[in-house]
Every structure is written in C-alpha cells, then in structure tokens.
Amino acid sequence: MEKKAIKNKVDKKAKKALNLNVKQDNQTDLFCANIPNISKGGKNMDTNKRLTSRAKDYSQWYLDVIAAADLADNSPVRGCMVIKPNGYAIWEKMQSILDAMFKATGVENAYFPLFIPVSFLSREAEHVEGFATECAVVTHHRLEKDSSGKLVPTGKLEEPLIVRPTSETIMYEMYAKWINSYRDLPLLLNQWANMVRWEMRTRPFLRTTEFLWQEGHTAHATREEADARARQMLEVYRVFAEEYLAMPVIKGQKSESEKFAGAVHSYTIEALMQDGKALQSGTSHFLGQNFSRPFKVKFLDQSGEEQFVWQTSWGVSTRLIGGLIMTHSDDKGLVIPPKLAPTPVVIIPIWASAEEHKKVLPVVEKLAGEIRGLGYAAQIDDRDLRPGPKFFEWEKKGVPIRIEIGSKDLVKQSVVMVRRDTGEKQEVGITGAAAFVKTLLDRIQADLFAKALKFRDENIREVETYEEFKQVLQEKGGFLSAPWCLNPACEARIKEETKATTRCIPFDQRKETGKCVICGGKSEGRALFAKAY
RNA sequence: CGGGGUGUGGCCUAGUUGGCUUAGGGCGUCUGGUUUGGGACCAGAAGAUCCUGGGUUCGAAUCCCAGCACCCCGACCA
C-alpha cells in the first residue's frame, strides 16, 4: 500500500514536470520575439489572445477560431453546443440564401414532428440499420419524485418514440395520405429543423449530437424526373458552396458503402479543408421506390394505373459553418466570405480627444450611411477602447473589411481600408470610399474562392498503384484520384489500412479504363479518396 | 462498448509525506480613472459545494472505498 502511494506520487511529479516542459515550449512557440518580461509586475502576455497556429495543432486551431470569433460555446449537455449570436447570424445568412434558391426551383417549406414512432424507422431495412445505433429514444412522458426526492421517469409509452435522426419515415407516412393522383405530383417540400444523432465523438459544427439543417423531400411520377431532381438540388448546393461560401466542391456519386441508408444513389459535394482532409458538405439522394413501397406512397397515373412514387431527399447542415471556417480562416482567426458575412464592413473611428471624436464621428456616420445605402450592413465601432484591441477583435471575428477614420484622414480627405483576408492596407479617397467598398468586397469574394480552388486543385493527386497511394496519402494528404473497380472489398481494405475512404466518384472525369489501385481488376474510371471529417 | 488518463472560480494552475488554507497565483471578466493610428497603465471588485457520496481522524482538497463526469485512442458518423 505504501509502495503504491509512493509510486503514485512519483508518477504525478513526473507528469507535472512533463506538463511544465510542454507549457514552456508552447510559450516560446507562441510568442517568438517581443515577449514582455514575465517576472515584472503583472505584465504577463495574455495567452488567450493568440490562437494556436494551424501548423502546430490543427484541431486546436479550429476550436480556437470558434472561441475567438465567439461563434459557439460548449453546453452542459454532452455533445451538444450552444450556437452564439455571431455563429447563428452566419447560419441565418445561409438559411436565407438557400431558402430562396430552393423556392426558385418550386420547393415549399413545411414542418414535421420531432418525434417518430420507432416502428416507422424499421420499415426500410437499410434505413433502420443505418440509424438504429445512434437514436435518442423517448420511452416515458412524465417525471415523478421517488422516495429520496429524485425525479424519475414514469408513464411508460406504449410505443417508444425516437428523436428524428432524419425525417424520411415520418414525412412519407404523411405523403402517403396526401398523394393520390398524378396531379398531386411532384410534391416538393423542405423543412428547416434540428436533428439528433447520438454520435460518439463530436466537434462543434462538424459533428454534434444535435444539429440544425434543412432536408428536402420530393416525390415524382417517374424515375427520370426524381433522379433529375436529386441532381438539380446537388447543383444548387454546388452553386451555394462555390458562389457564396467561396468553397470549391467536387460533385460526384457516393459508393455503395458510403451512400445514404435507404438510397438507390447518393450524390455529394466534397470539399477539401486546409489540413488536407475532406468534408462532405451536402448530399442529395435518389431514393427510388425504396420508401414509397413500404410507406405505400402511391398514385393513379393518367391511364388509371396504380404506381409507387419515385423520391428524393437532400440536405445541408450547420456543418457548412465548419467548412467555411476550415476553408478560409487563418492563424489570426475567422475569415468570412463577404456574401456570408453578417457584418461585411466595420468602421473604427480614431480619436485622441473629445474634440477630435466630435469631428471624426459625423464623417464615420456619413460613410456608414453611404455603405448601407449600397446594401451592406456596415457597423460602427465607437466603443471607448483603444484602436488596437478593436482591430484584433474584428480580425478574429472575420469581418472582411475594416475602415479606420481618424483626424489624419480628415486632413487628407481619405480613409484607411484593410482587407481581412490579405491584411492589405490602402488609403481611399473619402468621396469614392463607399463605391470602393463594393468593389473590394466583390474582389475579396472572388479572391477567396480562387485561393481555395488553387489549394484544392494542388491537392488532388492521381495515383496508379497502392504503394503510391499510401505514400502520397501519408506525405501530402488531400484528395487521391485512383482507378477503382467499384468492388466494396477494395474500398474496405483501403479504409482499414489507411483510414482513407472513397469520397465520391466524380461526375466530371475523363473516360479511361485502368487497373484498380488495390486488386488490379478492371476499372472504368477514378474515384476520389481522402481522409475525411 | 473495449484500452488509457484526468477531476481545485470561465480558463491555466499552486497546494496532495493530513494542521501554517479564512484554498494561493496568473489569465480572462466587471467598475472607476488615465489613455486612444495594432493586444496599454493604475486602482478596486466579483467569482470555488476543492466532481459526488460514504468512511478513517481531534482535524481531509490531501488518506481509504464506491459512484459519477469529462478527455484521449479504437468502432460509428452530415
């Protein structure tokens, strides 16, 4: 016993020494030069103000960006996060843009229940298998105090309810009621909702137990029409990802093993993050009649014959915020593409005295008004803080353009404009400033996409042999484009041995016959492999 | 669900051979003042069931037992 105690002590001591070393390393790494003398009266550098660099620890950097930009906070509930106003504003922006895009294709919004009878899930065999292991289950509907005063569930439900992990089943139960004739088709509905999937390992925005998304569910008279709709919505996602998020994506089809549980085909847009890992950013599924048969979603066609409908479902989630962060942000913090920035421009008045403040502020307000007149939500930061901390704050929050106006500028009749993405600073005449904001925002949007595209393209590598595959994956990461025979066994082996998965079989690729990178069997084209989030 | 680890204010932590602890410090936060073109300074303040329960003891953050939570590595995944 004594021995054990001593051993513990030694372990602890050793661990502490280790921790100390690590910490010292961190400090030297983080602060390089300009380290204020730590020993002198309370002059400690504030470690929380600088983010972990991407090179040092990419996952920590990701968490730091979220904290620094005040996007989200951990919640007391395991695996669930609180989306704070700064983060939610981005989601609202995404919602409003996507919602308009959906509606432009004829889709209407509706809302279906959070709870689904557990029996619904099991009507489609693959579907239940795909989701059964990650369902939150409601079994009781009441709490009562037990003898010790603790609240315990009572009132057992006849049939347990699951909290929706996706809504195919509950929606199609209703569709069966609503669809009777070919005249009721196509039915094109979407809902904005929260979902629960009981994940083992979670990361803010990328994978949380509860998440927000939209799910579109359509029903059609023919296979061709449904498949075309699935592809059409994937294209909507591509446009949104590339033109708004400035995040280049590759459209393609999921392999049999990676497709949605219950789908005939799953289509996907895949993006590449700065650390060389792929992010599945949106999916659209051709469901065939896999659900319409068990849920009896039938209609009478023009010749009076009874038919099952052909269906699609498609969705994107708050995961896109994770994609946005990891596509553009840097070691200084978040970078938001202008089209998604809740605040695209911040104006910071600079003054040294009350009189200066009085002179500067009207100029600031006038410019803000002009910029707002052009449709951009310019914000004025007139807080009584020194300019430096304000600059850093807006930088961390990813605001695309910062404008500084002080008395020096009044003399020159100009303003200082700073790009968040490049850090580039320039003086702009005050009369043309508002117009230039528009020009500059458009340029930033385009540059962000171009930069991400360049990175993405530089990180797609064609490999022909498994040796090459493993080597490139380990040394460089990114997307690997490799010939594949479509055999799930080859795919499984790659996953097992390298952790890389098939991301998709890109739509857009040249015709070629080759040899499967694993088995050497005949391949008709290439699949894209990567380690993924 | 397997393997490993950790529990002290929001965060990082000191203390852990039981008493010098009324639990100390740093960061952050808040207030007032001085400041104001890149993370400033001064003064003050708030904030802790030392994970929980039980036990040993005159005395427990510290020792013992049980439980819980969280983290990491696997399996799973938008």
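These figures come from a predicted structure and were not determined experimentally. Below, all heavy atoms of this structure are taken into account, side chains as well, without hydrogens, waters or symmetry copies. Convention: sequence-line order gives letters A, B, ...; per-chain numbering from 1.
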Using residues 126-135 of chain A as the side-chain source, report each donor-acceptor pair under 3.5 Å to any protein atom, sequence neighbours left out, with the distance given to one decimal.
unit_1	atom_1	unit_2	atom_2	d
H127(A)	ND1	A261(A)	O	3.0

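- With sequence neighbours left out, D99(A) forms a salt bridge (charged side-chain N to carboxylate O under 4.0 Å, His left out) with K103(A).
- Taking every side-chain heavy atom of R386(A) into account, G39(B) is the closest of G39(B), C76(B), A78(B).
- Taking every side-chain heavy atom of K499(A) into account, A75(B) is the closest of U36(B), A75(B), A40(B).
- Within the structure, every pair that satisfies the side chain to side chain donor-acceptor pair (under 3.5 Å) test and touches residues 347-365 of chain A, not counting sequence neighbours, is listed here: E356(A)-S407(A), H357(A)-D382(A).
- Across residues 404-421 of chain A, E404(A), G406(A), S407(A), K408(A), D409(A), V416(A) each have a non-hydrogen atom less than 4.0 Å from an atom of RNA chain B (numbered order).
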Just the atom pairs and distances: protein N or O near nucleotides 43-51 of chain B's N or O, under 3.5 Å.
none

Tell me, what's RNA chain B's dot-bracket, Watson-Crick or G-U with both distances under 3.5 Å, | for other-strand, [ ] crossing? (((((((..((((.....[....)))).((((((.....)))))).....(((((..]....))))))))))))....
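- K425(A) is linked by a side chain to side chain contact (heavy atoms under 4.5 Å, CB included) to R402(A), E404(A), V416(A), V418(A), counting only residues two or more places apart in sequence or in another chain.
- By the salt bridge (charged side-chain N to carboxylate O under 4.0 Å, His left out) test, K408(A) is found to be paired with no residue, residues two or more places apart in sequence or in another chain being considered.
- Distance CD1 (I321(A)) to P (A78(B)): 18 Å, rounded to an integer number of Å.
- Nearest to the side chain of F392(A), among G39(B), U36(B), A78(B), sits G39(B).
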Any chance you could lay out the side-chain contact (heavy atoms from CB on, under 4.5 Å) test for K332(A) and V65(A), step after step, and finish with the verdict? CA-CA 8 Å; K332(A) 292 188 284 188; V65(A) 172; over 6 Å; no
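- Contacts of K251(A) classified as salt bridge (charged side-chain N to carboxylate O under 4.0 Å, His left out), with partners at least two apart in sequence or in another chain: E235(A).
- Identified under the side chain to side chain donor-acceptor pair (under 3.5 Å) test for residues 321-330 of chain A, with sequence neighbours left out: D330(A)-R420(A).
- Taking only side-chain atoms of P387(A), from C-beta outward, the nucleotide of G38(B), A78(B), U36(B) with the closest atom is U36(B).
- Applying the salt bridge (Lys or Arg N to Asp or Glu O under 4.0 Å) test to every pair with at least one member in residues 268-279 of chain A, sequence neighbours left out, gives these pairs: K254(A)-E270(A), E270(A)-R503(A).
- Take R386(A) and apply the salt bridge (charged side-chain N to carboxylate O under 4.0 Å, His left out) test, not counting sequence neighbours, and it matches no residue.
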